Amino acid sequence: MKPDEFRKHAHELVEWMAGYMENAGNYPVKSQVKPGQIFSSIPDLPPGEPESFENLMKDFDSIIMPGITHWQSPNFFAYFPANNSPASVLAEMLISTLGVQGMIWETSPAATELEEKMMDWLKQMTGLPEEFEGVIQDSASTATLAAILTAREKIAGFMINEEGSVTNGQNLRVYCSDQTHSSVEKAVKIAGIGRKNLVKVLSRADLSFDPRGLKNAISEDISKGYTPCCVVATLGTTGTTAIDPIRELGEICHEHGIWLHVDAAMAGTALLLPEFSWMLDGKEYIDSFIFNPHKWMFVNFDCTAFFTRDAASLIRTFEILPEYLKTRTRGKVNDYRDWGVPLGRRFRALKLWSVIRTYGVKGLQEKVRYHIEIASRLKGLILAEPDFEIVAPVVISVVCFRYKPAGLAGEELNKINEKLNHTLNDSGKLYLTHTSVRGIYTLRMVTAQTNVTAEHVEKAWDLIKSTARSIAFK
Ligand code: PLP
């Protein structure tokens, strides 16, 4: 494709992109295709001869678009969001045009230095400790893996990287609550610590990590000869956005020399608001911390902010220096390739820069605050209906509830809520997902999509009520 052809297609594409942004709410939110439908619509053999971009776009519209679930629809209330914003998409265009691979400072000093500055900005914006240093990782899962590997190496005197297992049968132990995201279990498996050495402490009534349970688990483990290595606390659990008590957990970690990692994948963005700074009470105990601007801070996927007070240990865990990566600037600059698993690194800092500058901290705060406010309003609407109930505390922008008509109980209630969830999602009018709260099938409504408004939430709530009541005793 010649530059002139590129220019023509790019202009057309920008028209398409702007149109999509205006109309994202008009598509069926959850893709309605059947398994295999898209695969079988694509030729089995790749084209031998070049094809026009027009043809590609035709197929994009007719084959691909029906298989898209519209995460950017304001009627997307599922999972946690993967929000984008115009500012982020524009930056992504620059990122892919430059095609920078910022593995080391020399392969694009601007990529490294903008990333350093953005991490500093985020640190200030969220109120994280001054001494933290930051790096952008691709996902919370990778970042948590990096934290657990660092904790493992630190406790083992950096010898597991060298020798393989050096714990003489005295297994390392990692602790989390029974509400912690599955990425922790995955990291423990990959780190060679072993799934059996992940201790999931029973959560408290509000679904937060129980410090007493942690204390007991650690004492018991020590008496059996295990070596406590890392505690993972969560700000905003995936199921219900429970907030773990950092100070109490941190004091226990401090007493035993255990690495404290905090996963704030979603709720970290709420730290932009001074009224949520209580979540970081005890921050002086945190060794590493992550949150995903690609969830709720309007930076399109992927962009995880990872911070640690012990960058030296992180780097020592990942550092490797083949001949071809030796540079004259080594030691004088930051080579981010040593800060995590991948060598190659996208220029993600540009998305953060674009989003933070175009919204301003104030604009981001207003948006996040509004999302929290409409969640609270939704909670009020639910509480006003006697045949619905709130299932977990509403802390940020996630409301957990269920339909509970008189005359039904136990598994019958679970079944009807599951049916309600599928019926709503099949309608294409909104998309909700569920969680299980102590055996209760619970609907989760996340009011945090970039363009969601109170009107979208009210309309969705009306549909939920009428659908529930129409399917109740069918
Ligand atoms: N941690 C929490 C609390 C999450 O909710 C999620 C995903 O929703 C993750 C980690 C994993 O995020 P990622 O997709 O960035 O790996």
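Counting starts at 1 for both ligands and their atoms, in listed order. Nothing fancy with the numbering, it's 1 onward along the sequence. Model, not experiment: these values are computed from the prediction.
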Find all atoms of ligand 1 within a distance of less than 4.0 Å from any non-hydrogen atom belonging to [X], and give their numbers and elements.
| X | answer |
| --- | --- |
| Phe80 | 5 (O), 8 (O) |
| His294 | 15 (O) |
| Asn292 | 12 (O), 15 (O) |
| Ser183 | 10 (C) |

*Could you give me the CA-CA distance, side-chain angles and deciding distance for His256 and Tyr175, then say whether ring pair (Phe, Tyr, Trp, His ring centres under 6.0 Å) is met?*
CA-CA 13 Å; His256 295 280; Tyr175 307 84; 9.2 Å; no
For [atom], what is the closest protein heavy atom, and at what distance to 0.1 Å?
| atom | answer |
| --- | --- |
| atom 2 (C) of ligand 1 | Asp263 OD2, 3.4 Å |
| atom 11 (C) of ligand 1 | His181 CE1, 3.4 Å |
| atom 15 (O) of ligand 1 | Ala140 N, 2.8 Å |
| atom 5 (O) of ligand 1 | Thr238 OG1, 2.8 Å |
| atom 14 (O) of ligand 1 | Lys295 NZ, 4.2 Å |
| atom 16 (O) of ligand 1 | Ser141 OG, 2.6 Å |

*asked:* Can you classify the ring geometry of Phe298 versus His371 as parallel (below 30°), tilted (30 to 60°) or perpendicular (above 60°)?
replied: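 Perpendicular, since the angle between the ring planes exceeds 60°.
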_Can you confirm whether Val135 sits close enough to Glu115 that some side-chain heavy atom of one is under 4.5 Å from a side-chain heavy atom of the other?_
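A side-chain contact exists here, since the closest heavy-atom pair is under 4.5 Å.
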_Student check: side-chain heavy atoms of Ser85 and Lys367 closer than 4.5 Å_ =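 Heavy-atom side-chain distance check fails, nothing below 4.5 Å.
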*asked:* Applying a heavy-atom cut-off of 4.0 Å, say which part of Ala265 lies close to ligand 1: side chain, backbone, both or neither.
replied: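 Answer for Ala265: side chain.
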_Salt bridge present between Glu248 and Arg212 (N-O < 4.0 angstrom)_ =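 Judged by the 4.0 Å cut-off on N to carboxylate O distance, Glu248 and Arg212 do not form a salt bridge.
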*Using 4.0 Å as the upper bound for N to carboxylate O, is an ion pair formed by Lys123 and Glu133?*
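Judged by the 4.0 Å cut-off on N to carboxylate O distance, Glu133 and Lys123 do not form a salt bridge.
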_Determine whether Trp259 and Tyr285 satisfy the following criterion, ring pair (Phe, Tyr, Trp, His ring centres under 6.0 Å), listing intermediate values before the conclusion._
CA-CA 9 Å; Trp259 184 282; Tyr285 294 113; over 10 Å; no
*For the pair Tyr441 and His434, evaluate ring pair (Phe, Tyr, Trp, His ring centres under 6.0 Å) and give the outcome as yes or no after the intermediate values.*
CA-CA 7 Å; Tyr441 188 99; His434 78 284; 4.3 Å; yes
